[in-house]
Amino acid sequence: MRSCWWSLVLSICLGTNLAYASTAAVASPDRYGAETSQLILHQGGNAVDAAIATAFTLAVTYPEAGNIGGGGFMVIWFEGKPYFLDYRETAPLQASRDMYLDEDRQVIDELSLIGHLASGVPGTVMGLWQAHQRFGTLPWADLLQPAIALANQGFIVPENLQQYGGNALERYQGKTNFADYFAAMTAGHLFKQPELAATLSRIANQGAAEFYMGETASLIVAEMQRGAGFITADDLAQYQAVWREPLIFPWRDYQLVTVAPPSSGGIALSQLLGLKQLRLDDFKAQQHNSAGYVHLLAEIYKRVFADRADYLGDPAFTKVPQQELLAADYLAQRASEINPQAISATKQIRPGLESAQTTHFSIVDHAGNAVSNTYTLNLDFGSGVVVTGAGFLLNNEMDDFSIKPGVPNAFGVVGGAANAIEPGKRMLSSMTPSILVQDNEVRLVIGTPGGSTIFTSVFQVITNLYDFGMPLADAVAAPRFHHQLLPKNQLAMEPYQPLSDEVQQQLSEMGYQLHLQRWSLGDIQAIQLTDRGIEAIADPRGRGKALLIEPVATEEQSQLDGSTM
Ligand code: DON
């Protein structure tokens, strides 16, 4: 039903169904990404073309998380079928299980977070290339042009980017070359990145092979040698993105199309939806974000995080019991353990919940295809190491491994053998780019940054939409909270809007510790399609922009259009 008069005419003329050439949409974490999607869709590109161009653009204008030096996941709905592309980073071949421990087996401060040893082998360029090989329609080089222009001519630095850059300057001071490249970012002023423009031009002209085996590869290896990092020419030459079976979870009369391992996000989101469904009666009396509601969700969250810590890792290295974790009888057993009145016991306690920047965008094209893409450097600006001569930041994704059993990572989550470091292994992620499909039609495209808070944020927005009937804008803007088993009984709230005083009081009385974290919970970019039409929303927590994109009549189509009138 998201047809406009023009597309109705076009559809009838071309004998196609009404979904053809209807309004497209993008929700992007900044305006440059949104405008790039619009440009590519107007040029006749599909959702995957737009996603590739947007990802390269964000590598320029959203340097805290957009990247070519990191990795991510792309979930695609294309011509009625689901796809999942895993372009997560891998541990370098020289990496080893205890590489971040000293001789007393203590974790060496910051080693998995700052500097050359923190980086996994980047997957983004290969991922975008493989997406293009399979689904792209516009020439590869054309898709990089908006990014190259923005790197060459500069973009206006937003207020919050200058602030994040300032924090990063302090964090990396004297430890990396971050300041040489990013100290000049000033809010309201143009920021140019000529080295990055040259790198992107080489990739545009020579494809992904340039990044993994050409001059860019040599610059990465030289950078690694300068800082005693592990990534070698072999690591780069061997890197491959992987097309995997998407996880498809039936939920009510929808199908959730989402990520499988090495992300924990798809299994976790499916468990959250499944467990809540099994306890619907408990939720009936609960108002949105009331103490009873927060407690019930916390009971569900802690069980999901317990499974995450024990069972999940790279499926090439560890057997992930995906079917078992999503089986109806298992979910029923877990649901039966939930205590609606009081907090269930937590066995093990570790501190620390932090957040930073990753980036997600959602796109629906004029033909109804959709891309849900989350990619990241891990924490904002990654390892802080810029590849000298190539002008881009490298990730600090190695911290997503369990660097020592039971020791929490930067997001406070723990793990064991399933997510221990091994050469060539992908580190466990929480990224959850997802698509809800009903009767073979896309209904929701959604995702967010937020580390371990990603799937609880996506889940809360889905709940706001489909249980509380909120309009998309309200569902995204509503205050969120988070609980992840550890620290024990801790409920995290966001500075954007904490829970009400009264609800906080009630939760404290139940035994929860209310914690106001420094960062907001996520930056949701969502597109919803209902019988009323298509809507796109960028989270008010960030600097995102959402656009509805009407089809542009080509000359041929205009003539056709004119001849019918
Ligand atoms: O893959 C993961 O789960 C993390 N590296 C994502 C990091 C992230 O979302 C940071 N942003 N808030």
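Whatever order the structure lists ligands and atoms in, that order sets their numbers, starting from 1. Note that the structure is predicted; figures quoted are calculated from it, not measured.
- Proximity of Arg88 to ligand 1 is established by a heavy-atom distance of less than 4.0 Å.
- Atoms of ligand 1 found under 4.0 Å from any heavy atom of Ile454 (numbered from 1 in listed order, with element): 9 (O).
- Contact annotation for Met427 and ligand 1: no heavy atom of the residue comes within less than 4.0 Å of the ligand.
- Distances shorter than 4.0 angstrom do not occur between any heavy atom of Trp519 and any atom of ligand 1.
- Of the N or O atoms in Gly451, one or more lie within a sub-3.5 Å distance of an N or O in ligand 1.
- Annotation: Ser429 places an N or O atom under 3.5 Å from an N or O atom of ligand 1; distance criterion only.
- In this structure, the side chains of Thr199 and Ile68 come closer than 4.5 Å at one or more pairs of heavy atoms.
- Between Phe135 and Tyr83, the distance from one ring center to the other falls under 6.0 angstrom.
- Between Asp380 and Arg171 there is a salt bridge, with a side-chain nitrogen of the basic residue lying less than 4.0 Å from a carboxylate oxygen of the acidic one.
- At a heavy-atom cutoff of 4.0 Å, ligand 1 is contacted by both the backbone and the side chain of Asn378.
- Residues passing the side chain to side chain contact (heavy atoms under 4.5 Å, CB included) test with Ala477 are Tyr496, Pro540, sequence neighbours excluded.
- The closest side-chain heavy-atom distance from Phe73 to Ser429 is below 4.5 Å.
- Counting non-hydrogen atoms of neighbouring residues, nucleotides and ligands closer than 6.0 angstrom, the NZ atom of Lys404 exceeds 12 such neighbours.
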